[in-house]
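Note that the structure is a prediction, hence the values are computed from the model and not measured. Residue numbers start from 1 in every chain, and the chains themselves are labelled A, B, ... in the order their sequence lines are given, proteins ahead of strands.
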Amino acid sequence: ETGVTQTPRHLVMGMTNKKSLKCEQHLGHNAMYWYKQSAKKPLELMFVYSLEERVENNSVPSRFSPECPNSSHLFLHLHTLQPEDSALYLCASSLSQGVNTEAFFGQGTRLTVV
Amino acid sequence: AQSVTQLGSHVSVSEGALVLLRCNYSSSVPPYLFWYVQYPNQGLQLLLKYTTGATLVKGINGFEAEFKKSETSFHLTKPSAHMSDAAEYFCAVTQTRGGSYIPTFGRGTSLIVHP
C-alpha cells in the first residue's frame, strides 16, 4: 500500500465508450501525475497537476482529458479511444516544491481498448 | 535540462550473482537521483535516492547505488541476486518545469534472474 489508490484496476472498453480513471492520494502531496506505460516503450508522462493547476501536457491526444478537482483527486476521462491506447495507466503524486522528494505510485489501471 | 540514460534494456544474471544496473545522468546542476522498482502488474516504488552528503546510498532489499560525479553515474548494485529481484528498474532525476519539480524516468532495465 503506497497511499495512492487507482480505480478500476482493470478496464475493457470499446472504441465508442466513455469511461474515467480515478486516482486518490491522502499523503498531503500537492502534485499529481498521469503516466502511460505501453509494452516495450518508455514510461510516458501525460499530464502534471501542481497545486491543482495543469503544468504539463505532453502533446496528448484530446481523447484523453484530465481533471483535478482538488489536491487529493485526479481523473482521466477517456472517449473514442483507439486500440493503440491499450496500456497500463499509472497515477503518481509528490510534493511539487520538493526537489529531493520521491513520487508515490498507484498500482495502475490496465486498460484494454477493443 | 536534467535527464537520465539507462544502459541495457535487459540484464540477465544467475541467482547469487552480482547485480549491476547502469544509469548515467545529464545535469547542469547538482542532481537528485532515484532508483525505482516495478514488479509485474504493479506501480513503481522507491528503492533508494541520492540527495546530498554520502555518495554511497543504501536502499531496500539489499540494493545500493553510488553517486560518481566524475563519471556522471548512479549505478545500482546488489551483491547477490535473488529470484524475487526479477523486475523492471527505473533510474530517475527531478526536472524543474514551470516552477515545479517533476520526476523524469529512464527507459527502464528489466532484470532477469536465472535459477
Would you say the side-chain atoms of [X] and [Y] include a donor-acceptor pair closer than 3.5 Å?
| X | Y | answer |
| --- | --- | --- |
| B:Ser12 | B:His114 | yes |
| B:Tyr39 | B:Ser84 | no |
| B:Asp85 | B:His82 | no |

Report task. Return the option, out of B:Leu33, B:Ile102, B:Thr52, B:Thr104, with the maximum number of heavy-atom pairs under 4.5 Å with chain A. Result -> B:Ile102

Query raised in the report: Is it the side chain or the backbone of A:Gln6 that comes within 4.5 Å of chain B heavy atoms, both, or neither?
Result: neither

Report summary line: Turns out that what part of A:Ala31 lies under 4.5 Å from chain B's heavy atoms comes down to neither

**Report entry** Proximal component of B:Leu46, with respect to chain A [non-hydrogen, under 4.5 Å]
**Finding:** side chain

Requested in this report: Please look at B:Gln95 and chain A and tell me whether the side chain, the backbone, both or neither of the residue comes under 4.5 angstrom of a heavy atom of that chain.
Outcome: neither

Query raised in the report: Between A:Phe105 and B:Tyr36, what is the ring plane arrangement, given parallel below 30°, perpendicular above 60°, and tilted in between?
Result: perpendicular

**Report entry** Test applied, side chain to side chain contact (heavy atoms under 4.5 Å, CB included); reference residue, A:Val4; option that passes from A:Leu90, A:Leu27, A:Leu74
**Finding:** A:Leu27

